[in-house]
Undergrad: 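The structure that follows is given in the form of structure tokens.
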Amino acid sequence: MKIRYFYFLLFIMAAIVSSCSTSNVETPLSNSTTEEISTPTPGADPSCAAVIASVSGNNGGGVIAETIRLVRMSVEGELTEIGVVSVPFLQEKDTLYFLNILADLDQDGMWDTTLGSPSDEWVVTNSPILITETTHAGYFPIDNPALTDDASMLVRVVISAGPIQPAGTWDCGLPEGALALDSQVSLRVIDTEVLADPAEGFVGGGYCSPFSAQTYVGLFGPSAEDLNLETIFYRPGVPDIDQGRNTCVGHSMANSLSWLAQQNGFTDKFQQKKDAQGNELDTYDVTTAEGANELAWEMISDWSDRGQYSPNSGVSTDAIVSGKQSFIDKRGLPVSVEEIGSADGEGTFDAIKQALKDGCDVEVGLRIETENGTKGHMVTVVGFSDIKIGDTPYRGLTFHDPATTAEASGPGGGNDLYEYDPKTMSIRYPFLGKIRKATLAFAIKECYTPPKVSLSGTYGVGIQVALDTANHAIHILMSSAMDLAVRQSEITFQGPFPWVTVVGTVDEDGVFQASGRGTVAGFPGIAVTFVGSITLEQLVGDYTMGAEGGLPSGAPIVYRVEGARTGPLEERTSAEIGKTLVEAFFDRFNANFNAQSSEGLLYLLHPAVIDLYGVEACQAYLEGVVQNLIQLEVLSSSSLDTWQWEIDERTTPIENAFMVRANVVVENASGERDLHVADDENGSSDSQ
């Protein structure tokens with residue numbers, strides 16, 4: 001059968017080069033307490049000097065924790081331009097808020113809120129978050145060489161029910177009802193391993209950072225009425241394993257495949273011993289972080305064996321999809337793989353959204369321009385946000401990035417959130433020591449494709465006449481019960497005479513349409529149709545003989561067929577099939593003789609006999625012999641073959657003929673003799 005949150009952890013990198021003024025927000029934070037600060041004035045001093053000089057009393061209202069963390073990354077002792085700020089929260093709230101963070105990076109006693117400028121200190125800008133008892137964090141650029149270990153600066157954290165609109169320049173005041181925490185924070189420098197620098201045309205970069213974002217829990221989106229909601233999505237339970245040197249492709253894909261296997265019940269595919277060709281396979285449990293890591297390295301090994309991966313270069317961009325498809329084929333995974341989006345990022349964000357909503361997993365390739373050419377990195381996508389407040393869009397992507405360690409939070413943790421800029425189709429990403437523009441160059445989705453279930457088998461059915469205005473049933477003598485052989489290469493229904501074999505199609509819901517032609521009641525070439533539904537348990541349908549006319553009066557006969565699957569299809573030899581067909585034929589032959597029905601026997605004559613002698617001569621002969629009591633018992637049957645019928649000095653080839661050894665009983669005498677029965681191409685039988 002052709003059965004065929006939003007969650008901003010906050011990598012909002014202050015990418016908008018503009019000024020701002022604070023907008024009043026009508027909906028206050030519930031249960032919040034904060035010192036009253038006057039509503040800011042548009043066009044105020046962008047340095048916020050007056051505010052920072054008079055800061056006091058902002059304690060976070062019991063929601064924002066004081067243990068704010070500032071980190072600067074270094075590589076083998078060399079400072080990078082990558083800063084990280086993380087803010088813990090003490091309560092959970094079930095609606096969406098906006099986070100803004102100011103940090104006095106140049107230690108001059110002022111916050112500069114000129115977005116995008118070299119002195120920009122608005123390090124997290126209007127990041128939509130769900131407040132949970134966990135940490136939210138964001139990357140931001142640092143270009144001050146004096147900011148090293150123990151450098152101290154004043155940091156302001158603000159959470160509000162609406163965004164601070166950057167229409168002029170923010171004067172650092174608080175929207176109505178907002179909560180704020182002002183804290184003197186010491187910077188820490190954390191060293192990381194050597195940066196993974198892929199070659200041009202390859203993907204594999206990133207860095208192995210000791211910083212890890214925390215897992216989000218209890219993610220609930222705001223109502224559409226409150227936020228003019230378009231979409232908020234988060235997928236929990238996806239692993240977050242750490243990459244090696246230039247192995248981000250394998251590790252991000254292993255995150256995805258591990259989740260897909262667990263969700264759809266094919267984890268056993270990674271525990272089987274051999275592939276379809278009989279080659280030995282590694283076995284591991286992808287429900288564990290260790291197993292997911294083994295999966296990543298097996299894929300990387302496959303690329304390496306084909307010369308498409310090296311630790312110094314990464315994985316060739318051109319080989320990513322074909323390599324994953326090769327791995328899927330080797331493992332026999334019920335998974336389809338497809339590249340989505342485009343190399344320039346056009347449509348990639350929307351394609352990612354749709355793939356996640358469809359239940360597929362997604363990895364996105366980032367194209368990053370550096371001083372030494374175009375580099376590539378790949379991450380697992382676990383969520384997106386696409387909302388509007390008024391006419392202002394807020395879009396973001398949530399990653400499980402193999403370049404940021406999951407050691408602190410374990411598998412399923414490490415949500416890294418980035419603001420997506422639809423104008424440049426990019427995010428701002430920390431890469432090779434700097435915060436850089438990273439275009440969503442392309443994405444790859446994998447979708448679960450349920451294995452095709454074979455409907456082939458034997459179905460024991462009951463058959464009843466449903467429509468017969470011309471009284472054909474007494475001549476056809478269809479059995480009231482029979483076993484139908486069903487084959488699925490094309491859906492095929494075969495049964496004993498007088499059933500005519502029909503072939504057709506079946507859709508994913510099991511609805512089938514099949515047709516064929518055969519001899520019915522002695523009339524050759526009669527169109528037969530069978531429509532209904534079939535599953536692994538049952539078969540129901542209407543079987544119509546004479547669907548296009550051809551029977552006396554032109555009216556069809558319709559049988560209702562209903563039954564259940566009784567077992568797998570028994571593949572039999574031609575001789576075995578022939579014996580079954582012949583026995584069914586002679587059952588009907590004997591029934592007509594017992595009823596002394598010359599008309600019924602006429603229907604059983606092969607068309608070649610009637611062509612030779614004519615209908616009237618055959619009818620007269622049969623009327624004479626039906627007065628005798630004759631019974632035939634089949635003893636054996638040959639395989640199908642062409643029989644050369646020699647009679648009256650002429651030879652006529654009869655296709656699909658069986659030679660039958662039968663015991664013939666006439667009155668009280670009996671004896672064995674050879675007879676011939678021909679099977680037409682659609683499964684019915686006729687005698688000569």
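The first residue in the sequence is number 1, and the count goes up from there.
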Undergrad: Heavy atoms only: give me the nearest Lys353-Asp386 pair and the separation to one decimal.
TA: NZ-OD2, 2.7 Å
Undergrad: Can you tell me if Asp401 uses its side chain to pair, donor with acceptor, with the backbone of Val379 under 3.5 Å?
TA: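 The answer is no, because no donor-acceptor pair under 3.5 Å joins these two groups.
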Undergrad: Given Tyr448 and Gln263, is the side-chain contact (heavy atoms from CB on, under 4.5 Å) satisfied, shown in steps?
TA: CA-CA 9 Å; Tyr448 174 63; Gln263 290 296 306; over 6 Å; no
Undergrad: Answer whether the closest heavy-atom distance between the side chains of Leu440 and Leu397 falls below 4.5 Å.
TA: yes
Undergrad: Can you pull the ring pair (Phe, Tyr, Trp, His ring centres under 6.0 Å) pairs that have at least one residue in residues 236-261, sequence neighbours excluded?
TA: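 Counting only pairs at least two positions apart or across chains, the ring pair (Phe, Tyr, Trp, His ring centres under 6.0 Å) contacts touching residues 236-261 are His251-Trp297.
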Undergrad: For Thr80, does its backbone N or O pair with a side-chain atom of Arg72 as donor and acceptor, under 3.5 Å?
TA: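 Checked: pair present.
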Undergrad: Determine whether Leu99 and Val157 make a side-chain contact, defined as any pair of heavy atoms from C-beta on separated by less than 4.5 Å.
TA: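 Yes - at least one pair of side-chain heavy atoms lies under 4.5 Å apart.
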Undergrad: Tell me, please, which residues at least two apart from Phe349 pass ring pair (Phe, Tyr, Trp, His ring centres under 6.0 Å).
TA: Tyr420
Undergrad: Going by the rule side-chain contact (heavy atoms from CB on, under 4.5 Å), which residues pair with Glu81 if we only count those two or more places apart in sequence or in a different chain?
TA: Lys434
Undergrad: Should Val155 and Asp182 count as side-chain neighbours, where that means a heavy-atom distance under 4.5 Å?
TA: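 Contact flag for Val155/Asp182 side chains = no.
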Undergrad: Report the distance from atom CG of Asp361 to atom CG of Asn255, rounding to the nearest 0.5 Å.
TA: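 Interatomic distance, Asp361 CG to Asn255 CG, rounded to 0.5 Å: 9.5 Å.
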Undergrad: Can you check whether Pro198's main-chain N or O pairs, donor with acceptor, with Lys375's side chain at less than 3.5 Å?
TA: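 At least one qualifying donor-acceptor pair exists.
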Undergrad: What is the minimum heavy-atom distance between Tyr429 and Leu366, and which atoms define it?
TA: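 For Tyr429 and Leu366, the tightest heavy-atom pair comes out as CD1-CD1, 4.1 Å.
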Undergrad: Can you measure from OG (Ser186) to CZ (Arg69) and round to the nearest 0.5 angstrom?
TA: 13.0 Å
Undergrad: Ignoring hydrogens and angles, tell me if any N or O in the side chain of Glu121 forms a donor-acceptor pair with the backbone of Leu102 under 3.5 Å.
TA: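 Such a contact is absent between Glu121 side chain and Leu102 backbone.
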Undergrad: Going by side chain to side chain donor-acceptor pair (under 3.5 Å), name the residues that satisfy it together with Ser152, two or more places apart in sequence or in a different chain.
TA: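 Listed in chain order: Gln184.
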Undergrad: What residues form a salt bridge (charged side-chain N to carboxylate O under 4.0 Å, His left out) with Arg436, not counting sequence neighbours?
TA: Glu371
Undergrad: Is His400 reaching over with its side chain to a backbone N or O of Pro239, donor-acceptor style, under 3.5 angstrom?
TA: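 It does hold such a pair.
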Undergrad: Go through the steps for Val249 and Ile320 under the test side-chain contact (heavy atoms from CB on, under 4.5 Å), then give the verdict.
TA: CA-CA 8 Å; Val249 177; Ile320 291 175; 4.2 Å; yes
Undergrad: Quick one: does Phe442's side chain get under 4.5 Å of Met378's, heavy atoms only?
TA: yes
Undergrad: For Pro145 versus Leu79, what's the shortest heavy-atom pair and its separation?
TA: O-CD1, 4.0 Å
Undergrad: Have a look at Leu105 and tell me which of Leu187, Leu147, Asn144 forms a side chain to side chain contact (heavy atoms under 4.5 Å, CB included) with it.
TA: Leu147
Undergrad: Output all residues satisfying side chain to side chain donor-acceptor pair (under 3.5 Å) with Glu78, sequence neighbours left out; order by chain, then residue number.
TA: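 Listed in chain order: nothing, the list is empty.
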Undergrad: Return the OG1 to CD1 distance between Thr125 and Ile164, rounded to the nearest 0.5 Å.
TA: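 So the gap between those two atoms works out to 9.0 Å.
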Undergrad: For the backbone of Ser252 and the side chain of Thr380, can you confirm whether one donor and one acceptor N or O come within less than 3.5 Å of each other?
TA: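 Yes: the side chain of Thr380 pairs with the backbone of Ser252.
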Undergrad: Just by distance, do the side chain of Ser258 and the backbone of Ala254 share a donor-acceptor pair under 3.5 Å?
TA: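 Yes, because the side chain of Ser258 sits within donor-acceptor range (under 3.5 Å) of the backbone of Ala254.
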Undergrad: If you compare all heavy atoms of Thr348 against all heavy atoms of Gly341, which two are closest, and at what distance to 0.1 Å?
TA: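 Taking Thr348 first and Gly341 second, the nearest heavy atoms are OG1-CA, 3.4 Å.
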Undergrad: Report yes if the side chains of Thr67 and Pro88 come closer than 4.5 Å at any heavy-atom pair, otherwise no.
TA: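 When only atoms from C-beta onward are counted, Pro88 and Thr67 do touch, with a gap below 4.5 Å.
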Undergrad: Is there a donor-acceptor contact under 3.5 Å from the side chain of Trp122 to the main chain of Cys172?
TA: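 Here the side-chain-to-backbone pair does not exist.
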Undergrad: Given Asp149 and Arg188, is the salt bridge (charged side-chain N to carboxylate O under 4.0 Å, His left out) satisfied, shown in steps?
TA: CA-CA 5 Å; Asp149 259 341; Arg188 288 184 56 201; 5.7 Å; no
Undergrad: I need the single residue from Leu70, Ile101, Val84 that forms a side chain to side chain contact (heavy atoms under 4.5 Å, CB included) with Val123. Which is it?
TA: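 Only one of Leu70, Ile101, Val84 forms a side chain to side chain contact (heavy atoms under 4.5 Å, CB included) with Val123, namely Ile101.
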Undergrad: To the nearest 0.5 Å, what is the distance between CG (Leu181) and CD1 (Ile159)?
TA: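 These two atoms lie 9.5 Å from each other.
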Undergrad: Listed by chain and number, what are the salt bridge (charged side-chain N to carboxylate O under 4.0 Å, His left out) partners of Glu369, not counting sequence neighbours?
TA: Arg367
Undergrad: Can you list the residues that meet the side chain to side chain donor-acceptor pair (under 3.5 Å) rule with Lys324, with sequence neighbours excluded?
TA: Glu363, Glu446
Undergrad: Once side chain to side chain donor-acceptor pair (under 3.5 Å) is applied, what residue pairs with a partner in residues 309-323 remain, sequence neighbours excluded?
TA: Ser310-Ser313
Undergrad: Just verifying a value: how many Å separate Thr439 OG1 and Ile427 CD1, rounded to the nearest 0.5 Å?
TA: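 The CD1 atom of Ile427 is 9.5 Å from OG1 of Thr439, to the nearest 0.5 Å.
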Undergrad: Can you list everything that forms a side chain to side chain donor-acceptor pair (under 3.5 Å) with Lys437? Sequence neighbours excluded, please.
TA: none
Undergrad: Say whether, by atom type as modelled, one donor and one acceptor occur between the side chain of Asn100 and the main chain of Asn126 under 3.5 angstrom.
TA: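 Pair found, side chain donor or acceptor close to backbone of Asn126.
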Undergrad: Which heavy atom of Ile444 sits nearest a heavy atom of Ile340, and at what distance?
TA: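 Shortest heavy-atom contact: N-CG1, 4.4 Å.
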Undergrad: Pair Asp344, Ser342 - check side-chain hydrogen bond (donor to acceptor under 3.5 Å, both in side chains), show working.
TA: CA-CA 5 Å; Asp344 61 1; Ser342 61; 2.7 Å; yes
Undergrad: Which distance, rounded to the nearest 0.5 Å, do you find between the CD1 of Ile68 and the OG of Ser183?
TA: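 Atom-to-atom, Ile68:CD1 and Ser183:OG are 5.0 Å apart.
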Undergrad: For a quick test of reading the model, state the closest non-hydrogen atom pair linking Ile241 to Ala292 and the distance between them.
TA: CD1-O, 3.5 Å
Undergrad: Quick one: side-chain contact (heavy atoms from CB on, under 4.5 Å) partners of Asp358, sequence neighbours excluded?
TA: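 For Asp358 the side-chain contact (heavy atoms from CB on, under 4.5 Å) partners, ignoring immediate neighbours, are Gln354, Cys360.
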Undergrad: Please step through side-chain contact (heavy atoms from CB on, under 4.5 Å) for the pair Val158 and Leu179, ending with a clear verdict.
TA: CA-CA 6 Å; Val158 179; Leu179 288 177; over 6 Å; no
Undergrad: Can you list everything that forms a salt bridge (charged side-chain N to carboxylate O under 4.0 Å, His left out) with Glu338? Sequence neighbours excluded, please.
TA: Lys445
Undergrad: Should Ile82 and Pro141 count as side-chain neighbours, where that means a heavy-atom distance under 4.5 Å?
TA: no
Undergrad: Evaluate side-chain contact (heavy atoms from CB on, under 4.5 Å) for Asp171 paired with Trp111, printing each intermediate quantity in order.
TA: CA-CA 9 Å; Asp171 67 0; Trp111 288 313; over 6 Å; no
Undergrad: Counting N and O atoms only, with roles assigned by atom type, does the side chain of Thr247 sit under 3.5 Å from a partner on the main chain of Gly250, one being a donor and the other an acceptor?
TA: no
